[in-house]
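Side chains are part of it too, since the values below use all heavy atoms of this structure and drop only hydrogens, waters and symmetry mates.
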Amino acid sequence: MNQHKHWKILQIIPAQDGWKAVHCQETKNKDIEISNRSVICWALVESIGENSVVGTQVRAIEQASNDLVVVEDLIETDIVEGDSTDRNWYFLGYNDPDSHKESDYWIQQGNERLRAEKEKRLERKGRQAALRAAG
C-alpha cells in the first residue's frame with residue numbers, strides 16, 4: 001500500500017549542478033532499470049495528512065515528466081495482473097556530482113531494495129491470510 005505523502009514546503013534553496021535522484025524498477029525480464037532524475041532544488045518540507053510524522057525533512061525537488069515533485073520513497077505505477085514483476089519505482093538515494101557512483105553500485109542497491117520490498121509484500125500477504133483464516 002502506498003502511503004503517498006503531501007508536503008508543505010517551508011524553504012527552498014537551489015541545488016548544485018550535477019545532483020541526481022536515483023530510482024529503480026524491475027523490468028519484465030527481471031532486470032533492474034535505473035533512472036537518474038536531475039535535482040532542481042532542495043526543500044525543507046513538513047509532511048501533512050493522516051499518516052504524518054511531526055517534524056521536518058530535507059528533500060530534493062526533481063523533474064518528473066512535466067512537473068516538479070518532492071522526491072518520495074515509492075512511486076506507484078500500474079500493477080500488471082499475473083506478473084510478479086515489480087513495476088514500482090523506488091528511490092535509492094542521491095548521486096552527488098563529486099562522488100560519481102558507478103552504475104554497478106546503483107544496480108546492487110536496486111537489487112537489495114527490490115528484494116526487501118518483495119519480502120515485505122510476502123510478509124503482508126502472510127499476515128492477511130492468517131487474519132482471514134482466524135476470522
Calculate, to the nearest 0.5 Å, the distance between atoms [atom1] and [atom2] belonging to [X] and [Y] respectively.
{"X": "Arg124", "Y": "Leu122", "atom1": "CZ", "atom2": "CG", "value": "9.5 Å"}
{"X": "Ile32", "Y": "Arg113", "atom1": "CD1", "atom2": "CZ", "value": "11.5 Å"}
{"X": "Glu33", "Y": "Ile107", "atom1": "CD", "atom2": "CD1", "value": "11.0 Å"}
{"X": "Tyr94", "Y": "Arg59", "atom1": "OH", "atom2": "CZ", "value": "6.0 Å"}
{"X": "Tyr90", "Y": "Gln25", "atom1": "OH", "atom2": "CD", "value": "9.5 Å"}

With Arg127 via salt bridge (charged side-chain N to carboxylate O under 4.0 Å, His left out) - residues at least two apart:
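Per chain and number, Arg127 pairs via salt bridge (charged side-chain N to carboxylate O under 4.0 Å, His left out) with Glu123.
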Cluster overlap Leu68 with Val45, hydrophobic side-chain contacts below 4.5 Å
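In one cluster with Leu68: Val45, yes.
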For residues Val70 and Ile61, determine if any side-chain heavy atom of one lies less than 4.5 Å from a side-chain heavy atom of the other.
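A side-chain contact under 4.5 Å exists here.
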Main-chain N/O of Asp98 paired to Asp96 side chain as donor or acceptor, under 3.5 Å:
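Side chain of Asp96 to backbone of Asp98, a donor-acceptor pair under 3.5 Å: yes, one is there.
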To check you understand the geometry: which heavy-atom pair defines the closest contact between Asn95 and Trp106, and what is its length?
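Heavy atoms of Asn95 and Trp106 come nearest at ND2-NE1, 3.4 Å.
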Identify the heavy atoms of Gly110 and Cys24 that sit nearest to each other, and give their distance.
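Result for this residue pair: CA-SG, 3.7 Å.
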Contacts of type side-chain contact (heavy atoms from CB on, under 4.5 Å), residue Leu10, not counting sequence neighbours:
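Applying side-chain contact (heavy atoms from CB on, under 4.5 Å) to Leu10 gives Lys8, Leu44, Glu46, Thr56.
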By side-chain contact (heavy atoms from CB on, under 4.5 Å), which residues pair with Glu119, not counting sequence neighbours?
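Glu119 satisfies side-chain contact (heavy atoms from CB on, under 4.5 Å) with Arg115 only.
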Only counting residues at least two apart or in another chain, list the ones meeting side-chain hydrogen bond (donor to acceptor under 3.5 Å, both in side chains) with Gln108.
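Gln108: side-chain hydrogen bond (donor to acceptor under 3.5 Å, both in side chains) contacts with Glu112.
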For Trp19, all residues meeting ring-ring contact (aromatic ring centres under 6.0 Å, His included), sequence neighbours excluded:
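Checked Trp19 against ring-ring contact (aromatic ring centres under 6.0 Å, His included); matches are Trp42.
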Verify side chain to side chain contact (heavy atoms under 4.5 Å, CB included) between Glu117 and Glu26, making sure each step is shown before the conclusion.
CA-CA 11 Å; Glu117 293 299 328; Glu26 188 176 52; over 6 Å; no
Any donor-acceptor pair under 3.5 Å linking the side-chain atoms of Glu72 with those of Trp7?
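Glu72 and Trp7 do have a side-chain donor-acceptor pair below 3.5 Å.
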Counting only pairs under 3.5 Å, give me each side-chain donor-acceptor contact of residues 34-41, with atom names and distances, residues two or more places apart or in other chains.
{"unit_1": "Arg37", "atom_1": "NH1", "unit_2": "Glu62", "atom_2": "OE2", "d": "3.2"}
{"unit_1": "Ser38", "atom_1": "OG", "unit_2": "Lys20", "atom_2": "NZ", "d": "3.1"}

